[in-house]
Amino acid sequence: ASPCDRSVPATAGLSHDKWEIDPQELMLLEELGSGQFGVVRRGKWRGSIDVAVKMMKEGTMSEDDFIEEAKVMTKLQHTNLVQLYGVCSKNRPIFIVTEYMRHGSLLNYLRRHEQSLVSNQGLLLDMCIQVCKGMAYLERHNYIHRDLAARNCLVGSENTVKVADFGLARYVLDDQYTSSGGSKFPIKWAPPEVLNYTRFSSKSDIWAYGVLMWEVFTCGKMPYGRLKNAEVVERVQKGLILERPKNCYKEVYDIMRKCWSPVPENRPSFRVLKEQLISVAQGLL
Ligand SMILES: CN1CCN(C(=O)c2ccc(Nc3nc(-c4cccc(NC(=O)c5ccc(C(C)(C)C)cc5)c4)cn4ccnc34)cc2)CC1
């Protein structure tokens with residue numbers, strides 16, 4: 001019945017949990033890759049909507065806590081956030097269903113298109129601005145990403161770039177990933193207060209965003225090259241920062257450096273950063 005049909009009670013259709021997706025409405029297609037949690041596949045929802053389906057390997061995440069959080073995540077909606085459509089939580093493994101991004105991770109995209117991107121500072125800056133817009137939305141909603149990096153952003157059609165997996169890090173059970181001493185902890189994207197006290201905040205997301213800008217302007221190089229995590233921790237605590245990428249505008253590098261202020265409060269907000277990046281983009285083009 002159409003929503004304006006008076007004969008049907010207004011709450012019809014809301015009886016089941018809105019964030020719960022019926023697996024029978026999903027058609028699973030090719031594998032897109034596998035990550036921390038297991039296999040990710042492309043799919044079709046209700047026959048026509050392109051989706052990505054994360055099939056959560058048992059024992060990799062605290063599922064009940066995540067399912068609870070999914071209700072909040074589905075409400076976070078922005079053109080630069082990969083939209084969570086819902087979860088299939090009635091059987092195992094649980095599925096996380098999101099909008100589909102056809103060009104894969106930003107990191108792989110940068111590496112694959114280095115030749116055409118390296119001379120296109122305008123496009124690189126635009127990618128950074130898109131990520132900043134998504135992060136400014138999360139900041140406004142007091143939502144911390146906790147693992148912002150080019151590998152956790154995705155590229156869709158027309159060079160759209162979106163932030164993915166925001167907040168998901170809280171539900172990972174592998175303490176090699178969750179503890180700052182673990183082998184899988186993203187040390188190279190972490191500020192001093194996270195290295196020392198695992199104190200996450202929107203200001204620690206800002207530090208990670210500065211490293212993501214460095215990844216973008218180097219077309220996907222590994223920050224600090226082959227340095228071991230312990231050596232990076234030592235350098236960051238001594239106040240050493242990443243060098244200016246080759247042919248990266250000075251104004252852009254100056255903004256990166258502000259994201260790496262040792263004191264969290266001295267780092268800009270995503271709201272301020274967005275304005276600064278847009279004015280640099282206008283000044284350069
Ligand atoms: C021409 N090229 C051919 C090759 N190619 C692809 O194969 C390709 C195409 C599209 C892809 N799209 C997506 N790929 C993924 C995907 C694929 C593999 C692994 C993952 N990531 C994960 O599984 C994962 C990410 C983060 C985390 C924590 C919690 C640690 C932060 C844990 C797990 C995501 C998710 N998506 C959500 C929306 N769209 C996508 C991924 C890959 C890209 C295009």
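For this chain, numbers begin at 1 and follow the sequence in order. Note that the coordinates shown come from a computational prediction; the quantities given were computed from them, not determined experimentally. All ligand and atom numbering here is 1-based and tracks the order in the structure.
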**OP:** Just go through Q36, R146, R151 and tell me whose heavy atom is the nearest to atom 32 (C) of ligand 1.
**Re:** Q36
Subject >> Sidechain-backbone polar pair: E30 side chain, R41 backbone, donor-acceptor under 3.5 Å >> reply: no
Subject >> Per atom 24 (C) of ligand 1, closest listed option by heavy atom (R42, K54, E31, H103) >> reply: K54
Original post:
Do any N or O atoms from the side chain of R235 and from the backbone of G239 form a donor-acceptor pair under 3.5 angstrom?
Top reply: no
Original post:
Which ligand 1 atoms are under 4.0 Å away from a heavy-atom of F37?
Top reply: 29 (C), 32 (C), 33 (C)
**OP:** Please report which non-hydrogen protein atom sits nearest to atom 13 (C) of ligand 1, along with the residue it belongs to and the distance in Å to one decimal place.
**Re:** L32 CD1, 3.8 Å
Original post:
What protein heavy atom sits nearest atom 31 (C) of ligand 1, and how far off is it?
Top reply: D147 OD2, 3.6 Å
Original post:
Counting only heavy atoms not in R271, do more than 12 fall under 6.0 Å of its CZ?
Top reply: no
Original post:
Do any N or O atoms from the side chain of R267 and from the backbone of I206 form a donor-acceptor pair under 3.5 angstrom?
Top reply: no
Original post:
Given K57, M61, E99, which one has a non-hydrogen atom that is nearest to atom 38 (C) of ligand 1?
Top reply: E99
Subject >> Contact atoms of ligand 1, heavy-atom distance to G104 under 4.0 Å >> reply: 9 (C), 10 (C), 11 (C), 12 (N), 41 (C), 42 (C)
Original post:
Between L154 and ligand 1, which part of the residue brings a heavy atom under 4.0 Å of the ligand: side chain, backbone, both or neither?
Top reply: side chain
Original post:
Under 3.5 Å, side chain of D17 to main-chain N/O of E20, donor-acceptor pair present?
Top reply: no
**OP:** Just jot down the ligand 1 atoms closer than 4.0 angstrom to any heavy atom of T98, in number order.
**Re:** 37 (C), 38 (C)
Original post:
Distance under 6.0 Å and angle within 45° of the ring axis: does R146 meet both against W189?
Top reply: no
Original post:
Side chain, backbone, both or neither: which part of Y177 comes within less than 4.0 Å of ligand 1 when only heavy atoms are counted?
Top reply: side chain
**OP:** Look at the side chain of E231 and the backbone N and O of K228, then say whether any donor-acceptor pair between them is shorter than 3.5 Å.
**Re:** yes
**OP:** Write out the residue and atom name of the closest protein heavy atom to atom 17 (C) of ligand 1, then the distance separating them to 0.1 Å.
**Re:** V40 CB, 3.8 Å
